[in-house]
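Everything below concerns the one structure shown next.
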Amino acid sequence: MNDKAHKIAYAVFALAVILLGWQVDNQYYLQLMIFIGLNTLLALSLNMLMGYAGQISLGHAAFYGIGAYVTAILTTTYQVAPVLALPAAVGTAMLVAWIVGIPTLRLSGYYLGMGTLGFGMIVHIVLREWSSVTGGASGFVGIPPLEIGLVVFASGKNYFFLVWAVVLLCLIMCRRIIDSRVGRALRSIHDGEKAAAAVGVDTKKLKLQVFVFSAGMAALAGFLYAHLVYFISPGTFSFVASIRIVTMVVIGGMASIWGALLGASLLTLLPEWLHAFSEFEMVVYGLILMGVMIFLPRGLTRGVLDVYERYRKNHDR
Amino acid sequence: MTDNSHLLEIRDIHKAFGGVRALREIDFSLEKGSITGLIGPNGAGKTTLFNVITGVFPADRGEIRFAGQSVTSYAVHERVELGIARTFQNVELFESMTVLENILVGLHTRTRCGMIGSIFKFPRIRREEKQARKRATELLEFVDLADHAPRRSSDLPFGWQRLLEVARAMAAAPRLLLLDEPAAGLNMSETRQLGDLIHQIRDQGITILLVEHDMSLTMSISDKIVVLDQGRKIAEDTPRSVQSDEAVMAAYLGKGKNSGHGR
Amino acid sequence: MQEILQYLFSGLTNGAIYAVIALGFSMLYSSTELINFAHGEFVMLGALCMVTLAVNLGFPLIPAFFLSICAVAAAGLLFERLAIRPVRHPEPIVLIIITVGASIFLRGVGMLIWGKDAHSMPPFSQHPPLDVAGARLLIQSIWILIIVAALTAALQMFYRRTLTGKAMTACAVSKKAAWIVGIPTKWMVMLAFGLSTGMGAVAGAIIAPITMSSYDMGTMLGLKGFCAAMLGGLGSLWGAILGGFLLGILEALGVGYISSGLKDATAFVLLLLVLYVRPQGIIGAGEVKRF
């Protein structure tokens with residue numbers, strides 16, 4: 001897609017958000033759409049790391065959790081204003097990512113998957129066991145609503161617009177990175193690390209940078225989540241949550257900005273639809289995951305495009 | 001010790017993998033603006049030497065000096081920044097990217113935009129991007145691929161992929177270009193074009209070291225030939241003298257009586 | 001002294017379980033280069049099958065034990081045939097998602113069949129625990145250690161003495177070369193899946209008497225087993241055994257002397273340490289993966 005197509009896409013996207021936010025009054029649907037927004041942020045952040053730079057992470061929920069817990073602790077225990085807690089939450093996640101990333105990103109393939117998995121589990125266990133600070137397994141209660149200046153983001157509608165404005169900003173930000181010198185270098189690592197180094201890309205430094213960036217964005221989602229639900233517990237940031245983020249990226253389509261939106265939407269809505277199956281929920285969810293990966297390994301966005309292109313080629317003949 | 005006419009000096013390089021001694025006492029220099037052919041039978045250590053020069057792995061012993069400066073402890077990307085670029089034996093393009101983007105990545109060391117800059121798109125960054133695209137187009141014109149700029153690099157025929165890889169290496173504005181079997185997989189006319197291209201690159205003042213199995217190409221374009229056999233340098237001379245060198249003949253045709261007529 | 005001994009006993013018991021799970025991971029990895037994130041779910045299936053056969057259907061122990069293993073191994077073969085073989089681009093990321101999908105699916109199946117309640121069964125033999133220098137040693141622990149020792153010996157024999165075992169080793173070293181010399185690699189992959197998931201079932205069947213078995217027991221066991229395999233060296237038989245026991249004992253000591261809440265963290269801290277310091281594991285199989 002060229003520049004113009006992207007601008008049109010952003011405009012359509014913004015228009016859709018405004019229309020939806022304006023027309024929908026049902027609290028349940030608003031809440032659902034807010035969650036889609038948060039999940040889009042998570043999928044987008046992981047997509048930068050996994051889809052573009054080709055570095056798998058099975059512990060991404062850890063950064064989501066760090067973002068949520070740092071703001072919860074600061075705003076509740078220490079009465080810090082949420083606006084000030086935001087840079088602290090994002091900064092902490094980025095700092096942790098930097099420290100953990102240096103040894104972890106030397107690994108690759110399954111080993112990298114395992115390293116990030118181990119890190120995610122440790123963060124989860126710390127959140128669960130350090131009860132004096134985090135509230136332990138029973139969770140952290142009483143997080144204040146988000147106030148920016150005089151505006152309180154408490155009603156579903158307010159928060160809806162806030163979250164989706166952040167999503168739009170992040171989409172633009174990621175798009176710009178990907179289309180720049182940095183983004184091309186990232187993609188070159190994915191295509192071949194050896195060749196990337198041979199054209200002068202400092203692969204170590206760049207991988208660390210994108211890891212830190214990605215962690216910051218996940219923490220932003222965590223921040224928004226904490227001030228949305230006022231109550232957080234370690235279960236939200238477990239191994240299963242990390243896997244869900246990976247799944248969003250893969251199903252939506254790796255290395256695709258809009259794929260992150262699609263994957264996040266599907267994986268947020270799917271469990272809602274599957275409630276109809278109640279008992280069979282897990283079985284169907286598992287089958288869908290396996291099915292998509294077996295038949296459309298490049299994700300839905302790419303997969304559908306592939307099918308379309310094949311159709312057109314046959315048709316032209 | 002350092003003399004100005006030499007761009008690259010290789011001093012007493014040793015490299016072993018486990019028990020296999022891949023390189024032993026390698027010692028030679030490249031004169032500025034020259035074309036040097038590096039030849040030797042399979043397993044002689046040519047690619048290993050390339051990897052040591054570019055910094056893919058460190059030598060066990062010895063020193064690499066580039067433009068009078070020791071680069072022995074430099075990482076791969078740092079050496080590229082100084083001006084050592086290379087191509088690969090099996091063509092390593094960035095396959096998911098377009099032809100133009102491949103060159104743009106090649107310009108990585110000659111551009112500066114970082115993460116923050118890319119997000120905010122400062123005027124300086126926009127200007128840099130514009131210049132990079134212009135330079136990339138020039139390089140594509142140099143190898144006659146400008147018309148194919150928007151195609152995916154993996155869709156190009158093999159011969160063009162080789163040219164693209166050379167252009168990508170040129171994008172780093174190297175002073176030394178290492179070509180690893182650039183003619184492998186090319187047909188006769190493509191090989192001839194490649195020979196012309198290498199000459200043109202040299203005429204821009206770029207020093208070239210190439211590994212090549214196509215002897216007629218190597219002998220015709222090189223100013224000097226270095227011959228490796230079993231990790232050692234066995235000859236270093238003009239193409240003409242190397243061809244009549246006994247040690248070289250022995251290395252290529254087999255030394256003992258048995259290996260020649262055994263069957 | 002008595003305290004240490006008690007921790008050691010519980011560490012050895014858990015360690016033996018981890019070792020068997022690690023063996024399953026390692027065997028599969030060495031012949032297929034695949035890490036099966038659903039492995040823990042096969043352990044769960046093994047445990048629950050065992051409970052159903054031995055308690056609800058009243059089978060004698062030995063047939064129940066072997067029947068559960070066969071049933072789970074059959075499920076493992078089916079899994080390979082239906083979900084792994086059709087994959088056209090077997091990259092790590094794709095395979096990770098597929099096996100994760102399978103683990104969710106199997107957990108769902110487990111819940112449908114056995115419900116959300118935990119199930120238990122009596123130990124293999126009814127004896128009071130032994131008293132060793134003041135520490136209690138459960139008879140089931142002894143059973144577990146005996147079965148694990150026998151299993152290891154059998155595997156060692158299989159890989160060293162039988163033609164099939166040697167063929168599998170060959171596949172592990174180079175699939176292509178093995179194929180060229182006429183080893184049916186497809187069958188070897190299936191065999192590896194059958195053995196690996198069967199091994200998981202053994203782990204499940206032997207812990208059923210000392211734990212509460214439920215549909216969601218597999219995830220943690222699987223991850224721990226994986227940590228053990230990495231610790232010893234992925235792809236190495238003795239590495240899996242060593243890693244399993246090491247993890248079990250360190251975990252038990254950690255519970256005893258630090259805090260029971262951090263029990264689960266032990267495995268993952270060890271995992272990170274190994275990855276950072278010595279990614280090939282303690283007994284690294286290094287570049288050549290083999291048993």
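Naming convention: chains lettered A, B, ... in sequence-line order (proteins, then strands); numbering from 1 in each chain. Bear in mind the structure is a predicted one, so any value in this text is a computation, not a measurement.
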### Query
C:Leu272 versus chain A, heavy atoms under 4.5 Å apart: side chain, backbone, both or neither?
side chain
### Side-chain H-bond candidate by donor/acceptor type, C:Thr52 with C:Trp114, under 3.5 Å
yes
### Query
So which of C:Ala102, C:Cys227, C:Pro86 has the biggest tally of heavy-atom pairs under 4.5 Å with chain A?
C:Ala102
### Message
Sort by residue number and list every residue of residues 124-133 of chain A having at least one heavy atom under 4.5 Å from chain C.
### Response
A:Ile125, A:Arg128, A:Glu129
### Message
Less than 4.5 Å to any heavy atom of chain C: does that hold for the side chain of A:Leu107, its backbone, both, or neither?
### Response
side chain
## Note on the structure
The salt bridge (charged side-chain N to carboxylate O under 4.0 Å, His left out) partners of A:Lys194 (sequence neighbours excluded) come to B:Glu92
### Task
Name the orientation class of the two ring planes belonging to C:His39 and C:Phe42 (parallel below 30°, tilted from 30 to 60°, perpendicular beyond 60°).
tilted
### Among C:His119, C:Glu41, C:Arg107, the one residue meeting side chain to side chain contact (heavy atoms under 4.5 Å, CB included) with C:Tyr215
C:Arg107
### Summary
Looking only at A:Phe280, A:Tyr285, A:Tyr111, the option with the highest number of non-hydrogen pairs under 4.5 Å against chain C is A:Tyr111
#### Entry: Short side-chain donor-acceptor distance under 3.5 Å, C:Tyr276 and A:Thr104
yes
### Message
Between C:Thr99 and C:Asn36, does the side chain to side chain donor-acceptor pair (under 3.5 Å) criterion hold? Intermediate values first, please.
### Response
CA-CA 6 Å; C:Thr99 55; C:Asn36 180 7; 4.6 Å; no
### Message
Heavy atom to heavy atom, less than 4.5 Å: which residues from residues 45-59 of chain A reach chain C?
### Response
A:Met50, A:Ile56, A:Leu58
### Query
Which bit of C:Leu95 is near chain A, if near means a heavy-atom gap under 4.5 Å: side chain, backbone, both or neither?
side chain
### Task
Counting only heavy atoms closer than 4.5 Å, note whether C:Leu275 contacts chain A via side chain, backbone, both or neither.
both
### Task
Output yes when a side-chain donor or acceptor of A:Thr247 lies under 3.5 Å from a complementary backbone atom of A:Ile243, and no otherwise.
yes
#### Entry: Test side chain to side chain contact (heavy atoms under 4.5 Å, CB included) applied to C:Phe105 and A:Leu289, A:Leu287, A:Val284, the passing residue
A:Leu287
### Query
More than 12 heavy atoms of other residues, nucleotides or ligands under 6.0 Å from CZ of C:Arg81: is that the case?
no
### Message
Between C:Ile96 and chain A, with a heavy-atom cut-off of 4.5 Å, which part of the residue counts as in contact: side chain, backbone, both or neither?
### Response
side chain
### Message
So A:Met290 and C:Ile104, do their side chains get closer than 4.5 Å, heavy atoms only?
### Response
no
### Message
How long is the straight-line distance from CE of C:Met199 back to CZ of C:Phe25, given to the nearest 0.5 Å?
### Response
12.5 Å
### Query
Using non-hydrogen atoms only, which part of C:Leu112 is less than 4.5 Å away from chain A: side chain, backbone, both, or neither?
side chain
#### Entry: A:Phe211 and A:Phe63 aromatic centres sub-6.0 Å
yes
### Residues, nucleotides or ligands: over 12 heavy atoms within 6.0 Å of C:Tyr7 OH
yes
### Message
Show every salt bridge (charged side-chain N to carboxylate O under 4.0 Å, His left out) that has at least one partner inside residues 214-226 of chain C, sequence neighbours left out.
### Response
C:Lys224-C:Glu251, C:Lys224-C:Asp264
### Summary
If one checks every heavy atom of A:Val100 against chain C at 4.5 Å, the contacting part turns out to be both
#### Entry: Heavy-atom proximity to chain A below 4.5 Å, by part of C:Ile84
neither
